[in-house]
Novice: 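Take a look at this one; I'll ask things after.
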Amino acid sequence: MRLQGKVAVATGVCGGIGQYIVRKLVEEGARVVAVDLSREQLDALQADYGDEVTTITADVTKYSDVEAMIAHAVDRFGQVNIVINNAGIAFPKPLLEHDPDKDFDAITAVNQKGVYHGILAAGKAMQKQGTGGVIINTSSVYGTMASELSFTYNVSKAAVDMMTKCAALEYGPQKIRVCAVAPGRVDTPMLHQYKDLGLWEHIRHEQMRDAFTKPEEIADVIAFLASDAANCINGTTVYASDGFENFKYPLKPN
Ligand SMILES: NC(=O)c1ccc[n+]([C@@H]2O[C@H](COP(=O)([O-])OP(=O)(O)OC[C@H]3O[C@@H](n4cnc5c(N)ncnc54)[C@H](O)[C@@H]3O)[C@@H](O)[C@H]2O)c1
């Protein structure tokens, strides 16, 4: 129970990775404010838990919503110790087919500005509390790797990596750690878009173990980063990617 007595806020909790983040945080003893867009989906998630979980709808693109989710943690549980900025979106599309009025701003608003909002609101609340804390952002291997069909997504995740470093530096004196986790390819609804593109088997064979990372494996890494066991990890992005970014694609199918 590495998170006993801690209060955590996590966004994107109705998604593939997010629902395991909530489960893992609770298993580790935390009380959790679970955040997503849909009241209906949050109610379904809440049904699996008792008083240790409370839910609130918030659109991370709006700073007032993000402030409200942090305030909800303080109102309900008296404090906020861990904030996990996990909400994200992706729409695979070739760059030359982009609509400049839509295809940059939509992803940037959630993946980049949403994380900025979370870092800022969490930092202010933790500074006011004077207790320190931990902020964890969900990045991606594509924050450092180029790939087709995901121009804006990759740019947004590169921004997450840099926001993680800069915030850790500025928040260091407040004893607030800021880390990111970079998954590779995780079997969630976000990745299932590649089924529609007929690329599912192709990308699975590119994985060294011929299998996608499981969302619960990412949640395990996030819970570790949130715990005191990770106190010496700060301002950095931790890769939880099956080594995807380190190797060229195999020539021969498995
Ligand atoms: N699945 C992968 O292969 C993979 C790889 C690397 C990184 N990631 C990152 O992991 C995180 C979680 O992704 P996932 O795979 O679980 O995706 P998912 O699509 O299953 O879940 C994303 C969740 O974010 C929520 N969300 C979207 N926009 C929001 C907004 N404006 N405000 C609040 N919530 C919002 C959605 O409702 C959804 O529940 C994302 O940041 C994603 O970029 C995923």
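All ligand and atom numbering here is 1-based and tracks the order in the structure. All residue numbers in this chain count up from 1 along the given sequence.
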Novice: Starting from atom 40 (C) of ligand 1, locate the nearest protein heavy atom and write down its residue, its atom name and how far away it is, to 0.1 Å.
Specialist: N86 O, 3.2 Å
Novice: Counting distance only, does the side-chain N/O of R177 pair as donor-acceptor with the main-chain N or O of A230 below 3.5 Å?
Specialist: yes
Novice: Y153 near ligand 1, heavy-atom distance under 4.0 Å?
Specialist: yes
Novice: Distance under 4.0 Å to a non-hydrogen atom of A58: what atoms of ligand 1 satisfy this?
Specialist: 32 (N), 33 (C)
Novice: Identify which of M190, M69, H117 has a heavy atom lying nearest to atom 13 (O) of ligand 1.
Specialist: M190
Novice: Any N or O on Q41 sitting closer than 3.5 Å to an N or O of ligand 1?
Specialist: no
Novice: How close does the nearest protein non-hydrogen atom get to atom 34 (N) of ligand 1, and which residue and atom is it?
Specialist: A87 CB, 3.5 Å
Novice: When you check the gap from the basic side-chain N to the acidic O, do R204 and D210 get nearer than 4.0 Å?
Specialist: yes
Novice: Do P183 and ligand 1 have an N or O pair less than 3.5 Å apart?
Specialist: no
Novice: Going by heavy atoms, is A90 under 4.0 Å from ligand 1?
Specialist: no
Novice: Would you say ligand 1 has an N or O under 3.5 Å from any N or O of G18?
Specialist: no
Novice: Are any of the N/O atoms in V110 less than 3.5 Å from those in ligand 1?
Specialist: no
Novice: Tell me: protein heavy atom nearest atom 22 (C) of ligand 1, and distance?
Specialist: G88 O, 3.6 Å
Novice: Got a donor-acceptor contact below 3.5 angstrom from the S38 side chain to the Q41 backbone?
Specialist: yes
Novice: Can you pull out the closest protein heavy atom to atom 32 (N) of ligand 1? Residue, atom name and distance to 0.1 Å, please.
Specialist: V60 N, 3.0 Å
Novice: Indicate yes or no for a side-chain donor-acceptor contact from Q193 to the backbone of M190 under 3.5 Å, with no hydrogens or angles considered.
Specialist: yes
Novice: Could you tell me whether the side chains of N86 and T11 share a donor-acceptor contact shorter than 3.5 Å?
Specialist: no
Novice: Look only at interatomic distance and state if G15 has a nitrogen or oxygen under 3.5 Å from any nitrogen or oxygen of ligand 1.
Specialist: yes
Novice: For atom 24 (O) of ligand 1, what's the nearest protein heavy-atom neighbour? Residue, atom name and distance, please.
Specialist: G12 CA, 3.5 Å
Novice: With a cut-off of 4.0 Å, which atoms of ligand 1 are near a heavy atom of G184?
Specialist: 3 (O), 5 (C), 6 (C)
Novice: State the atoms of ligand 1, each with its element, that fall below the 4.0 Å cut-off from a heavy-atom position in S140.
Specialist: 6 (C), 7 (C)
Novice: Using non-hydrogen atoms of the residue, decide whether A182 is closer than 4.0 angstrom to ligand 1.
Specialist: no
Novice: Counting both backbone and side chain atoms, is some N or O of I89 under 3.5 Å from an N or O of ligand 1?
Specialist: no
Novice: Looking at atom 36 (C) of ligand 1, what's its closest protein heavy atom, distance included?
Specialist: D36 OD1, 3.5 Å
Novice: Are any of the N/O atoms on R185, whether in the backbone or the side chain, positioned under 3.5 angstrom from an N/O atom of ligand 1?
Specialist: no
Novice: Do R39 and T55 have side-chain N/O donor and acceptor atoms under 3.5 Å apart?
Specialist: yes
Novice: Please could you name the atoms of ligand 1 that C14 approaches to less than 4.0 Å, counting only its heavy atoms?
Specialist: 39 (O)
Novice: To check your reading of the model: name the closest protein heavy atom to atom 10 (O) of ligand 1, its residue, and the distance in Å.
Specialist: T138 CG2, 3.2 Å
Novice: Does K157 reach the main-chain N or O of T138 with its side chain, forming a donor-acceptor pair under 3.5 Å?
Specialist: yes
Novice: Looking only at distances, can you tell me whether any N or O atom of N111, backbone or side chain, sits closer than 3.5 Å to an N or O atom of ligand 1?
Specialist: no
Novice: Could you tell me, atom by atom, which parts of ligand 1 come under 4.0 Å of a heavy atom of V186?
Specialist: 1 (N), 2 (C), 3 (O)
Novice: When you check the gap from the basic side-chain N to the acidic O, do E52 and R31 get nearer than 4.0 Å?
Specialist: no
Novice: Applying ring-ring contact (aromatic ring centres under 6.0 Å, His included), can you list everything that pairs with H98, at least two apart in sequence or on another chain?
Specialist: none
Novice: Does an N or O anywhere in D59 fall below 3.5 Å from an N or O of ligand 1?
Specialist: yes
Novice: Is any NZ, NE, NH1 or NH2 atom of the basic residue among K93 and D103 found under 4.0 Å from an Asp or Glu carboxylate oxygen of the other?
Specialist: yes
Novice: Are E216 and R23 ion-paired here, with the side-chain N under 4.0 Å from a carboxylate O?
Specialist: no
Novice: Check if S139 has a non-hydrogen atom at a distance under 4.0 Å from any atom of ligand 1.
Specialist: yes
Novice: Looking only at protein heavy atoms, identify the closest one to atom 14 (P) of ligand 1 and say how far it is in Å.
Specialist: T188 OG1, 3.6 Å
Novice: Is D36 reaching over with its side chain to a backbone N or O of V13, donor-acceptor style, under 3.5 angstrom?
Specialist: yes
Novice: Please check if the side chain of E245 supplies one atom and the backbone of T144 the other of a donor-acceptor pair under 3.5 Å.
Specialist: no
Novice: Can you tell me if OH on Y116 sees more than 12 non-hydrogen neighbours from other groups inside 6.0 Å?
Specialist: no
Novice: Charged N to carboxylate O under 4.0 angstrom, K165 versus D161?
Specialist: no
Novice: For V9, which of N85, T54, I82, V80 qualifies under side chain to side chain contact (heavy atoms under 4.5 Å, CB included)?
Specialist: V80
